[in-house]
Amino acid sequence: MSATPPPVVTRFAPSPTGFLHIGGARTALFNWLFARHHGGTFRLRIEDTDRKRSTEEAVAAILEGLTWLGLDWDGEAVHQFARAERHAEMARQLLAEGKAYHCYCTPEELAEMRETARAEGRAMLYDGRWRDRGPAEAPPGVPPVIRLKVPREGETVIEDLVQGPVTVANAQLDDMVLLRADGTPTYMLSVVVDDHDMEISHVIRGDDHLTNAFRQTQLFKALDWTPPAFAHIPLIHGPDGAKLSKRHGALGVEAYREMGYLPEALRNYLLRLGWAHGDEEIIPSERAIAWFGLDAVGKSPARFDVDKLNNLNGHYIREADNARLVGLLTPRMEAALGRAIGEAGRERLRMGCESLKVRAKTLAELAENAAFYLAERPLELTPKAAKLLRPEARQILARLGPALDGLNDWSEPELGEAVRAFAEAEGAKLGQIAQPLRAALTGSHASPGIFEVMAILGRGESLARIRDQAEKI
RNA sequence: GACCCCAUCGUCUAGUGGCCUAGGACUCCGCUCUUUCAAGGCGGCAACACGGGUUCGAACCCCGUUGGGGUCACCA
């Protein structure tokens with residue numbers, strides 16, 4: 001009989017002090033993937049114990065970001081602040097058991113302590129001066145904090161699933177504050193109690209929490225609880241190797257949404273940042289779930305690279321269902337147009353989408369490239385398009401219009417045949433006809449195949465656009 | 001400053017002692033396809049930070065150096 005392993009329960013625990021940024025999104029993704037891979041549970045906990053910095057808007061932004069990314073959590077989100085009383089109770093219990101104590105140090109005293117330590121080249125730690133003093137010595141009028149009495153000798157080891165075994169001397173860790181002077185619990189206490197109460201089996205979070213893991217391990221032991229498994233994933237850096245700044249990728253996921261990235265592209269990109277499965281690059285979520293494991297997570301930080309994100313996004317746009325793309329495009333284009341898009345316009349987008357999408361890296365670009373289908377006459381010409389419409393070209397258009405008007409069947413193949421025949425009759429190369437035609441129809445020098453464009457635009461609109469640019473005779 | 005962590009092409013990475021004259025992807029550059037622009041196909045440039053060991057043999061193991069990062073709150 002082998003012992004059945006405890007069920008996998010992971011959590012994403014952001015503090016609602018801002019939007020869901022790209023690093024947080026990756027942490028959430030890894031937690032989600034790990035839970036889904038093991039058929040476990042992925043929970044969400046809002047760490048809102050800092051009342052001054054936490055906002056409802058931030059909570060909403062985080063939930064929206066996760067939802068957009070498709071990272072669904074199990075059960076209700078836990079709001080940490082609501083559990084403050086439970087946390088405080090555990091601090092008091094430790095106090096009663098003699099595992100914690102009151103400390104009456106003033107902020108000034110603590111600052112002085114750090115200053116001295118720094119000057120002497122030691123770690124800036126609390127020296128434990130109230131460890132063994134009784135309340136009788138308490139200065140009047142100073143509300144105490146409760147500190148945990150941690151071992152001063154020996155070492156604390158965590159078996160990190162990503163970093164491997166990491167050891168730190170207990171002398172490097174000081175007696176952490178559990179309960180503030182105002183009676184509210186600190187982050188360190190709240191996290192430990194909540195992770196225990198929520199039965200979290202794996203704590204997967206950013207590298208910046210690695211040192212917290214030591215303190216939390218000590219707290220778990222003081223409470224006679226078994227610590228969860230830890231996995232500290234490397235942070236994402238900016239393109240310059242420095243910490244991710246707002247300038248680069250430290251934007252909220254909603255900013256990526258607005259820029260026209262698809263959630264599956266962002267997921268794929270974030271997954272490959274610090275994790276690999278052989279040479280695989282395109283990894284849709286189903287396969288990601290099947291393949292994901294902490295053992296394949298790299299130990300070194302990765303830089304954020306927009307080019308690769310763009311490439312992936314382009315791939316997923318090409319793969320995307322046209323109806324879905326039109327749905328995403330419509331509000332975007334209506335905002336740019338300042339008017340609603342009618343059924344005829346939607347139909348043009350639906351038909352044009354297929355060949356338009358191979359030309360775009362983002363939805364923003366796709367919308368821009370599709371704009372000519374909805375533009376009102378007379379079209380505005382880009383400089384390059386204007387250059388194509390020299391007088392000779394305009395004269396050609398003047399002759400081409402009537403030639404096309406005679407067509408019985410306004411279809412892509414018929415139009416192709418007709419234009420080719422026209423070019424031959426003119427003694428011109430196809431390009432000499434097609435480019436001015438493109439400029440007249442799209443206002444640009446680059447577009448999908450011109451016969452397709454004419455077919456989608458329809459006879460009336462196409463001929464009118466040609467007439468707009470044709471030399472008046 | 002103290003403690004901890006990291007180190008393969010410009011970037012993301014494969015690689016766990018011989019399969020590596022180091023593979024893939026992005027970027028960039030050619031060629032091809034072509035009515036334009038893309039996409040696609042083909043090809044190219046480009047890396048084991050450095051110095052010592054261990055070993056018959058090191059990108060892979062050990063030590064050091066250098067470089068980078070993280071943490072040192074009554075913030076999370």
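The shown structure was predicted, so the numbers you read here are calculated from the model rather than taken from an experiment. Each chain gets a letter, A, B and so on, in the order its sequence line appears, and its residues count up from 1. All values below come from the heavy atoms of this structure, side chains included, with hydrogens, waters and symmetry mates left out.
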>> Rounding to an integer number of Å, can you tell me how far A:E280 CD sits from B:G23 P?
In response: 18 Å
>> Distance to the ring centre below 6.0 angstrom and angle to the axis at most 45 degrees; does that hold for A:R26 and A:F30?
In response: yes
>> Taking only side-chain N and O atoms of A:K361, does any of them lie within less than 4.0 angstrom of OP1 or OP2 on B:A38?
In response: no
> Between A:R45 and A:D195, is the closest basic N to carboxylate O distance under 4.0 Å?
Replying inline: yes
> Quick one: on RNA chain B, does A:G278 or A:T106 contact a more 5' nucleotide (nearest heavy atom)?
Replying inline: A:G278
> Do A:K308 and A:E281 meet the salt-bridge criterion of a basic N to acidic O distance under 4.0 Å?
Replying inline: yes
>> Does A:R438 contact B:U35 through a side-chain donor or acceptor facing the base, at a distance under 3.5 Å?
In response: yes
> How would you label the contact of A:S54 with the nucleic acid (heavy atoms, under 4.0 Å): base, sugar-phosphate, or nothing?
Replying inline: nothing
> In terms of side-chain heavy atoms of A:D307, which of B:U35, B:C26, B:A38 is nearest?
Replying inline: B:C26
> OP1 or OP2 of B:C74 less than 4.0 angstrom from a side-chain nitrogen or oxygen of A:R147, does that happen here?
Replying inline: yes
> Checking all strands, does A:F214 fall into the base, sugar-phosphate, or nothing category for heavy-atom contacts under 4.0 angstrom?
Replying inline: nothing
> Is it true that A:E85 and A:R92 have a side-chain N and a carboxylate O under 4.0 angstrom from each other?
Replying inline: yes
> Please give, in whole Å, the distance from B:C3 P to A:D208 CG?
Replying inline: 21 Å
> Between B:C26, B:A76, B:C12, which nucleotide gets closest to the side-chain atoms of A:L273?
Replying inline: B:C12
> Using atom C1' of each nucleotide, how far apart are B:A59 and B:G1 to the nearest Å?
Replying inline: 34 Å
> Within the modelled atom types, does a donor on one side and an acceptor on the other bring the side chain of A:D279 and the base of B:G23 under 3.5 Å apart?
Replying inline: yes
> Taking atom C1' of B:U71 as reference, at what distance in whole Å does atom CD1 of A:I158 sit?
Replying inline: 12 Å
>> What's the closest nucleotide to the side chain of A:Q163 if the choices are B:U11, B:U35, B:C5?
In response: B:C5
> Rounding to the closest angstrom, what is the interatomic distance between B:G23 and B:C5 at atom C1'?
Replying inline: 28 Å
> Can you tell which of B:C4, B:G69, B:A76 lies closest to the side chain of A:M188?
Replying inline: B:A76
> Side chain of A:N212, base of B:A76: donor and acceptor closer than 3.5 Å?
Replying inline: yes
> When you compare B:C61 with B:C3, how far apart are their C1' atoms, in angstrom units rounded to a whole number?
Replying inline: 26 Å
>> Please confirm whether the shortest side-chain N or O distance from A:R420 to OP1 or OP2 of B:U35 is below 4.0 Å.
In response: yes
> Looking at the side chain of A:Y187, which of B:U35, B:G24, B:A76 is the nearest nucleotide?
Replying inline: B:A76
> B:A38 phosphate, OP1 or OP2: any side-chain N/O from A:N369 under 4.0 angstrom?
Replying inline: no
>> Please determine whether a side-chain nitrogen or oxygen atom of A:K308 lies at a distance below 4.0 Å from atom OP1 or OP2 of B:C12.
In response: no
>> If I pick the C1' atom on B:A25 and the same atom on B:A46, what distance separates them, to the nearest angstrom?
In response: 14 Å
>> Categorize A:C105 for me: base, sugar-phosphate, or nothing, with a 4.0 angstrom heavy-atom threshold over every strand shown.
In response: base
> Salt bridge between A:D48 and A:R83, side-chain N to carboxylate O under 4.0 Å?
Replying inline: no
> In whole Å, what separates the P atom of B:C72 from that of B:A14?
Replying inline: 29 Å
> Considering only heavy atoms from C-beta outward, does the side chain of A:W275 approach that of A:I233 to under 4.5 Å?
Replying inline: no
>> Counting only side-chain nitrogens and oxygens, does A:R114 get under 4.0 Å of the OP1 or OP2 atom of B:A73?
In response: yes
> Starting at the 5' end of RNA chain B and moving along, which residue's nearest nucleotide shows up first, A:T167 or A:T211?
Replying inline: A:T167
> Between A:R318 and B:A38, does any side-chain N or O lie under 4.0 Å from OP1 or OP2?
Replying inline: no
> Aromatic ring centroids of A:F214 and A:F230 under 6.0 Å?
Replying inline: no
> Looking at B:A76, B:C74, B:G70, which one has an atom nearest to any side-chain atom of A:V145?
Replying inline: B:C74
> Which nucleotide in the set B:A25, B:U36, B:A76 lies at the smallest distance from any side-chain heavy atom of A:E281?
Replying inline: B:A25
>> Over all strands shown, is A:P234 touching base, sugar-phosphate only, or nothing at heavy-atom distances under 4.0 angstrom?
In response: nothing
>> Counting only side-chain heavy atoms from C-beta out, which of B:C4, B:A7, B:A76 sits nearest to A:L210?
In response: B:C4
> For atom C1', what is the distance between B:G44 and B:U54, given to the nearest Å?
Replying inline: 39 Å
> Which part of the nucleic acid does A:G274 contact within heavy-atom distance under 4.0 Å: base, sugar-phosphate only, or nothing?
Replying inline: sugar-phosphate
> Expressed in whole Å, how much space separates the P atoms belonging to B:U11 and B:A73?
Replying inline: 33 Å
> In terms of side-chain heavy atoms of A:P301, which of B:C6, B:U13, B:C37 is nearest?
Replying inline: B:C6
